[in-house]
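One is the number of the first residue; the rest follow in order along the sequence. Keep in mind that what you see is a predicted model, and the values were worked out from it rather than measured.
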Amino acid sequence: MAVGLQVVGLVLGLVSWCLQSSCTSSQEWKVRSQIETISSSQLQFEGLWMSCAATSLGSLQCSRFKTVLGLPAHLQACRALMILSLLVSLAAIIVSVLGLKCTKIGGTSEQVKDQIALSGGVLFLLSGVFTLAAVSLYAARVIQDFYDPLYGGIRFELGTGLYLGWGASCLAILGGSLLCCSYRRSSSTPPPRHVSYNYSTNSRGQNIYRVAPASDTSSSKAYV
């Protein structure tokens, strides 16, 4: 059962890392609202790294953000969180592979492998939290600007990149939880203690049971 949880958790972590990569490189974190668009044949969208404009004829023009310090604070924070989540998720994949019970790498014991798998699960949880924080912060800013009556800029709506990020965060958190649960299920239990009793009867006819000390048969020797 623990091996199955570890394998499923690792697979979910791999899928979440792929979605995180797609989310980070996506240019559709926000799409220009159709209310603001004069012509329905034009489409404008932005991501973390560039803004693009497309037409129904198939032409696409993209321009990178030429400055870093001049970007809004929330955009810089989202960039940092997504890059950090990718690095943490990659480290979680490597650690989880080393901690799988079905792998024979390094000749480590089962208890050490369980601890390594637990570390990988914690890293997956952190990666999911970082991704969730990034996309939620960006989405909150887009929604705030859209409903702000005093906002004088272009109004945008949520893009597909944000939904990719939410899906990736859910899979990362689920995979990390499965890896952590596998450690709890596979924890070793102490061996049962064998206790022997000495039976005797007193003068009143009452039965008395006394615990006899455990004898170490392996170390006992008979001398003649």
Connected via hydrophobic side-chain network under 4.5 Å: Val129 and Leu118: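 Val129 does not cluster with Leu118.
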hydrophobic_cluster_shared for Leu12 and Val15, side chain cutoff 4.5 Å: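 Val15 and Leu12: one cluster.
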Nearest 0.5 Å, please: how far is [atom2] in [Y] from [atom1] in [X]?
| X | Y | atom1 | atom2 | value |
| --- | --- | --- | --- | --- |
| Leu14 | Leu19 | CG | CG | 11.0 Å |
| Ile93 | Leu98 | CD1 | CG | 12.0 Å |
| Leu5 | Leu10 | CG | CG | 12.5 Å |

Minimum-distance pair of heavy atoms, taken over all atoms of [X] and [Y]:
| X | Y | answer |
| --- | --- | --- |
| Gly121 | Ser96 | N-OG, 4.4 Å |
| Ser169 | Gly128 | CB-O, 3.4 Å |
| Val68 | Arg79 | CG2-NH1, 4.3 Å |
| Met50 | Ser63 | CB-O, 3.2 Å |
| Gln6 | Ser182 | CG-OG, 3.3 Å |
| Leu123 | Ala92 | CB-CB, 3.4 Å |

[X] versus [Y]: any side-chain heavy-atom pair under 4.5 Å?
| X | Y | result |
| --- | --- | --- |
| Tyr163 | Leu158 | yes |
| Phe65 | Leu71 | yes |
| Leu100 | Val3 | no |

Taking [Y]'s backbone N and O only, do any of them form a donor-acceptor pair with [X]'s side chain (distance below 3.5 Å, no angle check)?
| X | Y | result |
| --- | --- | --- |
| Arg155 | Ser33 | no |
| Ser21 | Trp17 | yes |
| Trp49 | Ser26 | no |

Pairing residues for Thr160 by the side-chain contact (heavy atoms from CB on, under 4.5 Å) criterion, not counting sequence neighbours: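 Thr160 satisfies side-chain contact (heavy atoms from CB on, under 4.5 Å) with Glu28 once adjacent residues are dropped.
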Trace of the side-chain contact (heavy atoms from CB on, under 4.5 Å) decision for Leu48 with Trp29: CA-CA 7 Å; Leu48 295 179; Trp29 278 55; 3.5 Å; yes
Glu46 and its salt bridge (Lys or Arg N to Asp or Glu O under 4.0 Å) partner, picked from Lys30, Arg64, Arg32: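 Of the listed residues Lys30, Arg64, Arg32, the salt bridge (Lys or Arg N to Asp or Glu O under 4.0 Å) partner of Glu46 is Lys30.
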Sequence neighbours excluded - disulfide bond (SG atoms under 2.5 Å apart) pairs with any residue from residues 55-92: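 Sorted result for residues 55-92: Cys52-Cys62.
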Mind listing the side-chain donor-acceptor pairs of residues 132-143 below 3.5 Å, one per line with the distance, residues two or more places apart or on another chain?
unit_1	atom_1	unit_2	atom_2	d
Ser136	OG	Leu132	O	2.7
Ser136	OG	Trp166	NE1	3.4
Arg141	NH1	His74	ND1	3.2

ring-ring contact (aromatic ring centres under 6.0 Å, His included) partners of residues 112-136, not counting sequence neighbours, each pair once: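 Every candidate ring-ring contact (aromatic ring centres under 6.0 Å, His included) pair involving residues 112-136 fails, so no pair, neighbours aside, qualifies.
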Mind listing the side-chain donor-acceptor pairs of residues 80-91 below 3.5 Å, one per line with the distance, residues two or more places apart or on another chain?
unit_1	atom_1	unit_2	atom_2	d
Ser85	OG	Leu81	O	3.3
Ser85	OG	Met82	O	2.6
Ser85	OG	Thr131	OG1	3.4

Member of Val95, Val97, Leu179 meeting the side-chain contact (heavy atoms from CB on, under 4.5 Å) criterion with Ile116: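 So the option named by the test is Val95.
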Under 4.5 Å side-chain linkage, directly or through intermediates, the cluster mates of Ile173: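 Leu125, all in the cluster of Ile173.
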Residue pair Ser127 / Gln20, side-chain donor-acceptor N/O under 3.5 Å: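 Ser127 vs Gln20: donor-acceptor pair found between side chains.
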